[in-house]
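Since the structure comes first, as structure tokens, the remarks are kept for the end.
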Amino acid sequence: MSIPSLPGARTPDQAPEVVCIGETMALITPTDAALADAHEASLGLAGAESNVTAGLAAAGHHAVWASRLGDDPLGVRISSELTRRGIELWVELDQDAPTGVMFKDPAAEGSSVYYYRRGSAASRMAPGMLSAERLAGVRIVHTTGITPALSPSTRDMVDRLFEDARTAGALVSFDVNDRRALWSMEDAAATLARLANAADITLVGRDEAERIWGTSTAEEIRAFLPDCDLLVVKDGDVGATAFHGDAHPVFVPAPVVDVVEPVGAGDAFASGFLAATLEGKPLAERLSAGHIAAERVLTIAADMPPID
């Protein structure tokens, strides 16, 4: 299959600005009826970390998506689309495990999703996949709470990733992004709290924090995660609050948007926020950039905006 391989170590001046690591799946969406009755469907892709990478690349930043794919046509489909969007790929191919698949079941009251990712190539990511040497010169390493939920080896990989990223001099960015279907509430609450508190930049939805940790306000979430240097709490159509060290929190309201579909908006927010962070923007401008990026996705029925 024609998929780029994971490269060797690079010098700092050749390094990407951001590396995002996590699973991307083939996405099958019926186009003529609900999933049980459909005769036609579209084939796309779905993955939180690749959504963020695409947003960063669209904003003009040198961004890498790192993962594992099956050595199959769906892996080629994913890699081709991400490459077309200006993303550099650091991908390991698996001859034995497949690329994951996700089905969407559209409905007027909201879409349902069905995952077929157990035993996927990405679930075999293991500690040391991205070494400190390989990450030399990278400014931000980003992943989400989906990645440690995939398997015991991916959970160990994320723990090691935090260490190696810091050894390489990169900031660790972590979007909590809880997926209820992937693991138990007990495992999720403990692991996500540990990783969110250990990251340099953590993004979390106020509603998901309340669901998994019982924290109902941005201030309660900050008290629960005191060690994260920069904490961003997203509160849907209300706005986002950033807590940086001991400084006074910064709040920026969300714009009024006619929502077509909310899927992918959180990833878009992360890409806008991280792009503005790379550009050295003040905290309020970073939050505004996140809202603007999210708005573009909220007004379409896809996880990624079309290429201009």
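Because the structure is predicted, anything quoted here is derived from the model rather than measured.
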Does [X] use its side chain to pair, donor to acceptor, with the backbone of [Y] at less than 3.5 Å?
X	Y	result
Thr99	Gly70	yes
Arg286	Thr277	no
Ser67	Val91	no
Arg68	Glu92	no
Asp227	Ala198	no
Ser50	Gly47	yes
Ser216	Glu210	no
Asp32	His39	yes

Inset, instruction - Kindly determine whether Val19 and Thr53 satisfy side-chain contact (heavy atoms from CB on, under 4.5 Å), including the steps that lead there. - result: CA-CA 8 Å; Val19 174; Thr53 320; over 6 Å; no
Legend entry - Any side-chain donor near an acceptor of the partner, Glu49 and Thr24, under 3.5 Å: no
Legend entry - Test log, rule side-chain contact (heavy atoms from CB on, under 4.5 Å), inputs Met25 and Leu27: CA-CA 6 Å; Met25 298 169 290; Leu27 170 63; over 6 Å; no
Evaluate the side-chain proximity of [Y] to [X]: yes if any heavy-atom separation is below 4.5 Å, no if none is.
X	Y	answer
Val18	Arg139	no
Pro98	Tyr116	no
Thr215	Leu225	no
Leu278	Ile140	yes
Tyr114	Ile28	no
Asp175	Phe273	no
Glu279	His61	yes
Ile21	Thr147	no

Inset, instruction - Salt-bridge test for Arg160 and Asp164: reply yes if a basic N is under 4.0 Å from a carboxylate O, no otherwise. - result: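 Salt bridge: yes.
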Legend entry - Presence of salt bridge, Arg77 and Glu81, under 4.0 angstrom: no
Gap between atom [atom2] of [Y] and atom [atom1] of [X] - 0.5 Å precision:
X	Y	atom1	atom2	answer
Thr144	Glu23	OG1	CD	10.5 Å
Asp229	Asp246	CG	CG	9.5 Å
Leu74	Ser79	CG	OG	10.5 Å
Asn51	Leu82	CG	CG	9.0 Å
Leu283	Ser288	CG	OG	10.0 Å
Phe174	His142	CZ	NE2	9.0 Å

Inset, instruction - Tell me, yes or no, whether the heavy-atom count around Asp237 atom CG, taken from other residues, nucleotides or ligands under 6.0 Å, exceeds 12. - result: no
Inset, instruction - Verify side-chain contact (heavy atoms from CB on, under 4.5 Å) between Trp90 and Met129, making sure each step is shown before the conclusion. - result: CA-CA 10 Å; Trp90 293 1; Met129 179 177 168; over 6 Å; no
Determine whether [X] and [Y] fall in the same hydrophobic cluster, where Ile, Leu, Val, Met, Phe, Trp and Tyr are linked whenever their side-chain heavy atoms lie under 4.5 Å apart.
X	Y	result
Val252	Val238	no
Val250	Leu230	yes
Leu35	Leu43	yes
Leu150	Phe162	yes
Ile292	Phe251	no

For the residue pair [X] and [Y], what are the closest heavy atoms and their distance?
X	Y	result
Arg222	His244	NH2-C, 4.4 Å
Ala132	Ala168	O-CB, 3.5 Å
Gly86	Ala57	O-CB, 3.9 Å
Ile221	Arg206	CD1-CA, 4.0 Å
Ser151	Ser123	OG-O, 2.6 Å
Ala34	Pro30	C-CG, 4.3 Å

Inset, instruction - Mind running side-chain contact (heavy atoms from CB on, under 4.5 Å) on Val233 and Phe243 for me, showing each step along the way? - result: CA-CA 8 Å; Val233 179; Phe243 300 85; 4.1 Å; yes
Inset, instruction - Taking the six-membered ring for Trp and the single ring otherwise, decide whether the centroids of His291 and Phe269 are under 6.0 Å apart. - result: yes
